Amino acid sequence: MHEAGVDGFMAVSTIGGGIFAILMGIVSIIAFWKIFQKAGFSPWMSLLMLVPVVNFITFLYLGFADWPALKNQSRQLDLQPLE
């Protein structure tokens, strides 16, 4: 038999775990939003990080793709004369 205190603890811990998971999801989306934005991709791609399996593929794409934000930077380095 369960006591009322144990059932109450289970309910609170389940609710607390759910709230923690939602907060961590929000923090992750905000972080990936900034990463995609700084890399020159659409920040909306950060929402793909919520989808299982797709998030891993998106993460690999981010790691191995040519970043649009760096293309302009490399052009500027090519135009500068070496000293």
Side-chain angles (χ1 to χ4, degrees):
M1 295 215 150
H2 292 292
E3 295 179 25
V6 173
D7 289 337
F9 174 75
M10 293 297 289
V12 169
S13 65
T14 303
I15 292 169
I19 291 171
F20 180 75
I22 290 169
L23 289 176
M24 292 309 297
I26 291 170
V27 168
S28 296
I29 294 304
I30 292 170
F32 275 108
W33 185 279
K34 296 298 285 182
I35 291 169
F36 278 107
Q37 192 174 36
K38 287 181 180 183
F41 295 111
S42 171
W44 290 100
M45 287 179 68
S46 63
L47 296 178
L48 293 173
M49 301 309 282
L50 294 173
V51 182
V53 179
V54 175
N55 59 2
F56 183 70
I57 295 167
T58 304
F59 188 68
L60 289 176
Y61 175 74
L62 180 65
F64 292 103
D66 291 330
W67 290 7
L70 294 180
K71 286 183 182 178
N72 294 334
Q73 188 178 29
S74 65
R75 271 192 229 135
Q76 290 174 352
L77 291 175
D78 291 340
L79 295 176
Q80 292 178 353
L82 296 175
E83 296 179 14

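Note: hydrogens, waters and symmetry copies are ignored here, and every other heavy atom, side chains too, is used. Because the structure is predicted, anything quoted here is derived from the model rather than measured.
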Practice problem: Report the residues that fulfil side-chain contact (heavy atoms from CB on, under 4.5 Å) with Ile19, sequence neighbours left out, ordered by chain and then residue number. | Solution: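 Ile19 satisfies side-chain contact (heavy atoms from CB on, under 4.5 Å) with Ile15, Leu23 once adjacent residues are dropped.
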
Quiz item: Looking at residues at least two apart in the chain, or sitting in another chain, which of them share a ring pair (Phe, Tyr, Trp, His ring centres under 6.0 Å) with Phe56?
Solution: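 If we apply the ring pair (Phe, Tyr, Trp, His ring centres under 6.0 Å) test to Phe56, skipping adjacent residues, there are no hits.
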
Atom of [X], atom of [Y] and distance for their closest heavy-atom approach:
X     : Y     : result
Ala69 : Lys38 : CB-O, 3.2 Å
Leu62 : Ala39 : CD1-CB, 4.3 Å
Pro68 : Gly40 : CG-O, 3.6 Å

Quiz item: With ILVMFWY side chains joined below 4.5 Å, transitively, what does Ile26's cluster contain besides itself?
Solution: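 Its cluster mates, by chain and number, are Ile22, Ile30.
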
Quiz item: Taking C-beta and beyond as the side chain, do Phe36 and Ser42 meet within less than 4.5 Å on heavy atoms?
Solution: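 Counting from C-beta outward, Phe36 and Ser42 never come under 4.5 Å.
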
Quiz item: In the single-linkage hydrophobic clustering (I, L, V, M, F, W, Y; side-chain heavy atoms under 4.5 Å), do Ile57 and Ile35 co-cluster?
Solution: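 No, Ile57 does not connect to Ile35 through the hydrophobic network.
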
Quiz item: Are Tyr61 and Trp44 connected, step by step, through hydrophobic side chains (Ile, Leu, Val, Met, Phe, Trp, Tyr) whose heavy atoms are closer than 4.5 Å?
Solution: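 Looking at the clustering, Trp44 is in the same group as Tyr61.
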
Quiz prompt | Interatomic spacing from CG in Asn55 to CZ in Phe32 - rounded to 0.5 Å | solution =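 Taking CG in Asn55 and CZ in Phe32, the distance rounds to 8.5 Å.
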
Self-check item: Inter-residue atom distance Phe41.CZ - Trp33.CH2, 0.5 Å rounding
Solution: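 Those atoms lie 15.0 Å apart.
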
